[in-house]
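Please read the structure below before turning to the comments.
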There are 2 protein chains.
Amino acid sequence: MGQSHISNNVRNLRFNHHEMTQQQLADQVGVTRQTIVAIEKGKYSPSLELAFRIARVFKLPLEDVFTYEGADSTNK
Amino acid sequence: MGQSHISNNVRNLRFNHHEMTQQQLADQVGVTRQTIVAIEKGKYSPSLELAFRIARVFKLPLEDVFTYEGADSTNK
DNA sequence: ACACAATGTAACATTTAGTATACATAGTGT
DNA sequence: ACACTATGTATACTAAATGTTACATTGTGT
């Protein structure tokens with residue numbers, strides 16, 4: 001799949017709504033800290049499962065954490 | 001990540017709410033038919049981006065199409 | 001100044017998502 | 001019986017997500 005048009009506010013959620021370190025979040029969702037770093041930095045977007053897990057930590061619907069900035073609905 | 005606890009009703013949506021073939025859905029979201037087959041058959045769950053795209057085709061929130069049957073909220 | 005915790009970065013390995021191609025089966029229409 | 005369309009399956013390949021390890025930076029407390 002092409003370059004992801006997905007943004008997220010994991011970083012803000014981690015700070016503002018919850019006091020939580022990258023490592024803690026990583027532990028809670030069962031990945032390594034590097035994965036959280038990569039997601040926050042926008043290096044790639046998580047798998048669907050991981051996205052669900054992260055959203056659940058913040059007790060938010062997935063679409064409140066991750067946003068798809070849909071490019072084209074009408075295909076080539 | 002472990003074995004996905006994610007289910008979806010792409011198949012039903014494709015039939016009931018929209019008259020749509022696997023190939024058509026694949027075209028609209030920009031993947032091959034095999035990918036749709038694999039998702040419907042539960043061979044693997046889509047990337048977050050693809051999940052968003054599919055949900056958009058059905059004009060539904062992502063969580064109406066894909067469901068995470070969270071195993072453990074309380075981590076090890 | 002030193003230790004320590006949180007974060008950023010980078011190379012490489014492994015696993016999983018998605019592609020490409022090909023063939024099989026079931027249903028429908030002629 | 002034949003052609004056609006939609007679906008299922010399989011194998012081999014590529015690309016992206018995640019892991020592993022290791023080191024650098026920045027801020028805080030003592």
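A note on names: the letters A, B, ... follow the listed sequences, proteins ahead of strands, and every chain is numbered from 1. What's counted below: heavy atoms across the whole structure, side chains too, no hydrogens, waters or symmetry copies.
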Let me know the distance between [atom1] of [X] and [atom2] of [N], rounded to the nearest Å.
X	N	atom1	atom2	answer
B:L25	C:dG18	CG	C1'	14 Å
B:Y44	D:dT9	OH	C1'	13 Å
A:E49	C:dT15	CD	P	16 Å
B:I36	C:dG18	CD1	C1'	11 Å
A:N8	D:dA17	CG	P	13 Å
A:L50	D:dA17	CG	P	11 Å

Can you label the angle between the A:Y68 ring and the B:F52 ring as parallel, tilted or perpendicular, going by 30° and 60°?
-> parallel

With respect to the phosphate group of C:dT16, does any side-chain polar atom (N or O) of A:S47 fall under 4.0 Å of OP1 or OP2?
-> no

N or O in side chain of A:T35 less than 4.0 angstrom from D:dT18 OP1/OP2 = no

B:S45 and A:E49 side chains, donor-acceptor separation under 3.5 Å | no

Between atom NZ of A:K41 and atom CD of A:Q34, what is the distance when rounded to the nearest 0.5 Å?
-> 13.0 Å

Inter-residue atom distance B:L60.CG - B:I54.CD1, 0.5 Å rounding | 12.0 Å

Do nucleotides 5-10 of chain C as a string where each nucleotide becomes B, S or -: B if the base has a protein heavy atom under 4.0 Å, S if just the sugar-phosphate does, - if no protein is that close.
-> -SBBBB

Can you name the closest pair of heavy atoms from A:L25 and A:V57 and give their distance?
-> CD1-CG1, 4.0 Å

Considering all heavy atoms, the nearest B:E19-B:Q24 contact = O-OE1, 4.1 Å

